[in-house]
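Chain letters run A, B, ... following the sequence lines, proteins first and then strands; every chain starts at 1.
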Amino acid sequence: MKVSLSWLKELVDYRLTPQQLADKLSLNSIGVKELTNDYLELDLTYNRGDLLSIRGVAREIAAITGSRLLFSALNLPDYQLGETAVEIKDKKLSPIQCVAKIEELKVEPSSPDWIRKLADCAVRPVNNLVDVTNLIMLEFGQPLHAFAADTVGDETIIVRTATKGEGIVTLDNKLRKLSSQDIVLADTQGPVDVAGIMGGKDTEVKESTKTILLSASMFNPLMIRNTSTRLGLSSEASKRFLHGLTKTNLLQAFAAAIKMYESLGGKLTAINLVGDLKDKSRAVKLTKKNVVELLGLDISSDFIVSSLKKLQFKVEGRGADEWQVSPPYFRLDIALEEDLIEEVARMYGYEKIPAKKLSGVKPLHKEDPVFKLIYDLKIACKKIGLTEVQTYSFYSTDVLNALGTDKEELVKVANPISAETEYLRQSIWPNLVEVVGRNLRKGYKDIAIFEIGKAFNVGQDGNPLEDYRLAIALSNETDNPLEELHKIAQHLNLHPKGVNLKQTKPPAAAAHLFHPKRFMAFEKDGKQIGGLAEVHLRVLNKLGIEKRVAVLEIELDYFLSSNIITP
Amino acid sequence: MEEKISRIQKNYLEKIQKASTLKELDDIFIELFGKNGQVDTLSKQFNQLPKDELKSVGPLFNQIKQELEERIRVKREGVREEIYKSLESETLDIKGAGIKKRLGHLHLATQFKKEIIDLFGKLGFQQFDAPHIELDKYNFEDLNIPKDHPSRDMWDTLYIDTSNLKVEPGQLLLRTHTSNFWPRLMEKGQTPIRAMSFDRCFRYEAVDVRHSHTFNQFEIAVVGQDITMANLKYLSDYLLKAILGKEAKSRFRPKYYPFVEPGVGIDSLCVFCHGKGCKICSGTGWFEIAGAGMIHPNVYKATHLDPKKYTGLAWGFGPDRILMLKHGIEDIRYFLEGDLKFLQQY
């Protein structure tokens with residue numbers, strides 16, 4: 001959200017340049033994404049829903065700069081009027097739904113002041129009646145919706161889930177098909193609003209609109225999130241519904257909106273506030289001891305209390321250095337003592353936290369020997385003249401095509417970014433062969449590379465397996481690169497006692513991948529744990545390679561599970 | 001003209017038929033389709049033909065062009081199949097030859113990893129290995145990122161297709177961060193913990209010069225009875241000075257991550273302009289380098305440790321980006337695409 005700086009000045013009396021303000025915010029509150037002469041944009045995180053409003057930002061600035069707020073809470077007057085027709089079908093969908101009927105309005109362009117405020121916040125002005133809802137949303141963070149009353153069946157607003165087969169044309173002129181998992185506002189005929197996301201086209205304010213039904217709601221955020229994802233539709237409003245709204249703020253925003261419509265000559269003639277109108281209050285215990293122990297910093301009790309009070313927390317003493325702290329209604333993110341400690345820390349200034357060495361207690365857990373094995377192997381490979389490459393954990397489409405692998409055997413990504421990230425690599429050597437091809441095309445003639453990394457397979461129990469492998473590829477300008485690769489394998493001591501390296505036929509399933517004669521297997525206890533082979537020319541040709549290439553691949557688990565002495 | 005075309009057709013079909021090596025076929029291809037080849041030369045004469053003739057010659061020409069191309073392709077396959085068959089007569093010969101002398105290289109990321117692992121090894125940190133294909137539980141839920149929670153939108157995740165697996169849909173994913181190692185280690189209950197990981201992570205992200213769906217993270221986690229934010233500060237400066245030089249220092253800012261509280265964003269003083277402001281730090285004198293914080297109480301609860309008894313810290317950053325800055329590497333794809341010219345510089 002872009003926060004208009006001039007609007008902010010109307011709400012809080014801070015004495016800083018825009019740059020100073022942005023620096024202060026980023027060091028004590030939240031990152032600033034962008035700063036211009038007209039606005040600043042915060043790098044919002046979902047925990048601080050209160051900062052999705054200019055009032056919220058103003059409160060934060062007041063707390064961290066010690067400046068004065070220029071607004072006070074506005075309470076909804078006790079109107080003695082008739083009720084609008086409102087119904088919440090299920091409290092799980094929505095805890096609160098307010099609808100006001102305002103008559104005698106006239107659609108016009110908004111005043112220059114309103115239009116400037118909207119423009120500074122990058123919101124497009126529509127007309128005075130719609131602009132009120134956007135101005136209130138920006139100032140309070142509470143989305144509102146204005147329906148043209150004459151288009152709402154029986155002027156009734158019902159909160160319910162959509163029924164199967166129902167649809168609605170939204171404000172962007174698109175027909176949206178709804179499911180029973182979507183919350184809607186409906187009139188007596190059908191949906192008029194995809195709850196929390198976007199209003200319906202049929203009931204929008206038109207040139208001729210004189211009477212509106214003004215609606216303010218809160219909805220189940222998980223359901224809104226799912227609908228938003230399913231429809232691929234999000235809006236300034238949906239963002240706020242997801243980040244968490246409060247009833248106190250909703251009622252204040254509703255009162256302010258009614259006042260603005262009255263300033264346009266509107267007359268409130270009916271109103272209904274349905275649901276539980278009070279926010280739950282919370283209290284969290286805080287002790288000085290825990291503040292000091294978590295931050296590693298001696299902070300005075302006075303500082304703790306005054307910081308929290310500046311942030312509008314209610315602090316009650318419970319004996320020396322222990323408090324019961326109630327966050328203000330708008331701070332939904334505060335639930336634990338650690339949350340309070342963070343508040344104290346940022347008021348103190350994170351940048352002032354001193355550095356302190358870890359004390360001497362060493363860990364109990366032992367390092368997995370695989371790390372030493374991997375590094376030692378890498379050094380051995382380097383010493384013998386190989387260049388380490390690291391390739392993606394996927395098979396590219398070129399590799400898949402060259403291997404002709406049965407895709408059923410591969411671990412598959414459910415939502416690949418493209419076909420290049422759809423299947424995880426089952427072995428590493430094919431990716432090395434692809435790299436050999438790439439470098440041959442660049443003019444390299446002698447290529448000796450290796451990679452140590454993970455390969456992914458489907459285990460017999462139906463679960464995916466991953467294990468570390470060493471793979472080497474060699475193309476050395478000869479018609480028999482296996483000869484040299486075999487020497488390299490011997491030099492690396494990859495088949496010490498307990499592991500046999502012997503000539504055999506490639507396994508039937510892999511026969512098309514390797515040279516029919518130039519194939520050797522690493523075997524341990526009768527099990528194949530790797531191989532050394534010339535890649536079949538057919539595979540190489542498909543990858544655009546006309547030279548001979550030999551590869552080696554061996555599972556590292558076997559070095560670890562036995563007492564084999566590694567290089 | 002038609003005659004000319006037919007002559008070429010006949011002539012070359014014969015040549016292709018007779019060819020027995022890939023080299024011969026390559027030569028024929030160049031004669032036909034190369035620059036100033038038969039096809040090229042012929043088509044240059046077309047603009048001199050009367051319109052009527054062109055109408056009939058054009059399609060014929062195209063048809064024959066395609067036929068010749070296809071014949072070469074088929075013949076090439078045939079020759080290749082012959083070569084493939086001849087492999088049967090080759091033998092495994094591993095007697096001769098020594099190992100050619102070459103200059104070996106470690107990948108830049110491996111060298112950096114070694115440097116950092118040794119650095120923290122001196123402080124008693126031990127590496128811990130965690131899976132790349134991970135359960136939702138360890139990647140998200142145990143880290144205080146519940147299902148359907150909007151904070152999940154912070155990670156664009158690649159999920160594993162479970163239709164062939166004995167796993168519930170949506171439960172397996174490619175880990176989005178190395179942080180999955182801490183719940184796995186914490187639930188073993190072997191405290192105190194001083195662990196680290198330098199490894200690969202994945203995100204649903206289109207690849208360009210600065211972004212990749214596959215990248216490295218380095219992360220540490222410390223759990224004990226007296227771990228503080230001041231320790232976090234010490235470790236941050238310790239790392240930054242080691243990798244960016246003595247001048248480097250850290251600056252903490254509040255930052256939200258669900259698995260830590262308080263959460264910290266770590267900036268480094270920009271060593272490229274000595275804090276004066278340059279392109280790398282967008283003129284601010286500082287650049288963001290890491291995310292960190294004190295381990296959230298809900299992470300202890302999820303891993304059956306008592307949050308009243310333990311405190312802990314965690315710290316993670318992207319080594320690829322630092323390497324790019326340090327070495328002036330302009331494209332992140334260099335790391336994983338195996339270009340020898342790039343790899344052998346280091």
Side-chain angles (χ1 to χ4, degrees), chain A residues 26-27 45-47 222 225 242 294-296 336 338-339 342 345-346 350-351 353-358 361-365 367-368 371 378 382 385-392 412-415 417 421 435 439 444 448 454 462 464 466 480 483-484 486-488 503 515-518 537-538, chain B residues 80 83-84 87-88 90-94 96-100 102 104-107 110 123-124 126-127 129 131-133 148 150-151 158-161 165-166 190 192-194 204 206 213-214 224 226 228-231 233-234 237 251-254 256 261-262 294 297 311 336 338 340 343-344:
Chain A
S26 79
L27 285 178
T45 47
Y46 102 94
N47 61 323
L222 292 186
R225 181 170 185 262
L242 291 183
L294 194 63
L295 301 182
L336 301 169
E338 285 75 6
D339 298 327
E342 176 173 274
R346 64 190 190 85
Y350 272 31
E351 78 277 17
I353 289 172
K356 200 176 151 237
K357 269 190 181 180
L358 285 173
V361 190
K362 290 285 162 73
L364 261 183
H365 50 97
E367 183 161 298
D368 191 323
F371 293 109
K378 283 185 177 181
K382 181 196 163 189
L386 306 180
T387 294
E388 184 191 4
V389 302
Q390 298 183 359
T391 64
Y392 294 109
K412 186 172 187 269
V413 173
N415 59 332
I417 304 156
T421 56
V435 166
N439 285 293
Y444 283 85
K454 279 178 169 172
E466 57 186 70
N480 184 17
E483 195 172 26
E484 187 186 353
H486 178 256
K487 289 280 177 305
I488 290 174
Q503 183 180 8
H515 190 292
K517 296 286 158 65
R518 292 173 178 169
L537 277 176
R538 186 182 288 112
Chain B
R80 284 202 195 285
I83 297 173
Y84 300 157
L87 293 177
E88 287 288 348
E90 292 183 345
T91 54
L92 179 83
D93 178 6
I94 51 171
I99 300 171
K100 222 189 255 182
R102 300 180 181 89
H105 298 268
L106 288 183
H107 194 282
T110 297
L123 301 184
Q126 310 247 332
Q127 294 184 76
D129 193 36
H132 292 188
I133 297 179
D148 293 325
S151 64
L158 287 164
Y159 287 91
I160 298 295
D161 184 329
L165 306 174
K166 285 184 187 154
Q190 294 174 332
I193 289 169
R194 218 175 265 194
Y204 187 102
H213 49 69
T214 306
D226 53 359
T228 69
M229 220 158 138
N231 296 141
K233 176 76 179 172
Y234 173 81
D237 286 337
R251 183 178 74 175
F252 281 13
R253 281 182 296 109
Y256 169 74
E261 190 71 45
M294 305 306 292
T311 53
L336 297 180
L340 288 177
L343 295 167
Q344 293 182 342

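- Listed for the A:Asn415 side chain is no donor-acceptor partner under 3.5 Å among the backbone atoms of B:Leu158.
- With respect to chain B, the highest number of heavy-atom pairs below 4.5 Å among A:Leu222, A:Leu537, A:Ile417 belongs to A:Ile417.
- Partners of A:Leu27 according to the side chain to side chain contact (heavy atoms under 4.5 Å, CB included) rule, which considers only residues two or more places apart in sequence or in another chain, are A:Glu351, B:Arg251, B:Arg253.
- Listed options A:Leu242, A:Asn480, A:Asp368 were ranked by heavy-atom pairs under 4.5 angstrom with chain B; first place goes to A:Asn480.
- Remark: side-chain polar atoms of B:Asp161 are not paired, donor with acceptor, to backbone N or O of A:Val413 under 3.5 angstrom.
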(request) Let me see the working for A:Tyr350 and B:Met229 under side chain to side chain contact (heavy atoms under 4.5 Å, CB included), right down to the final yes or no. (result) CA-CA 9 Å; A:Tyr350 272 31; B:Met229 220 158 138; 3.9 Å; yes

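- Pairing each heavy atom of A:Ala355 with each of B:Asp237, the nearest pair is CB-OD2, 4.3 Å.
- When atom types are taken as modelled, the side chain of A:Glu484 and the backbone of B:Lys100 share a donor-acceptor pair closer than 3.5 angstrom.
- Only the side chain of B:Pro297 comes within contact range of chain A, with at least one heavy atom under 4.5 Å from a heavy atom of that chain.
- Within the 4.5 Å cutoff, the side chain of A:Arg346 has no heavy atoms near those of the B:Pro262 side chain.
- With a 4.5 Å cut-off on non-hydrogen atoms, B:Leu123 touches chain A through its backbone but not through its side chain.
- Of the listed residues A:Val389, A:Thr387, A:Leu336, A:Val435, the one with more heavy-atom pairs under 4.5 angstrom with chain B than any other is A:Thr387.
- Between the side chain of A:Asn439 and the backbone N or O of B:Leu340, at least one donor-acceptor pair lies under 3.5 Å.
- Ring-plane geometry between B:His213 and A:Tyr392 is classed as tilted, the angle between the planes lying from 30 to 60 degrees on a 0 to 90 degree scale.
- Here B:Glu90 pairs with A:Arg518 in a salt bridge; the nearest charged N to carboxylate O distance falls below 4.0 Å.
- Applying the side chain to side chain contact (heavy atoms under 4.5 Å, CB included) rule to B:Thr110 yields the partners A:Tyr375, A:Lys378, A:Glu388, A:Gln390, B:Leu106, B:His107; only residues at least two apart in sequence or on another chain are considered.
- When atom types are taken as modelled, the side chain of A:Lys517 and the backbone of B:Leu92 share no donor-acceptor pair closer than 3.5 angstrom.
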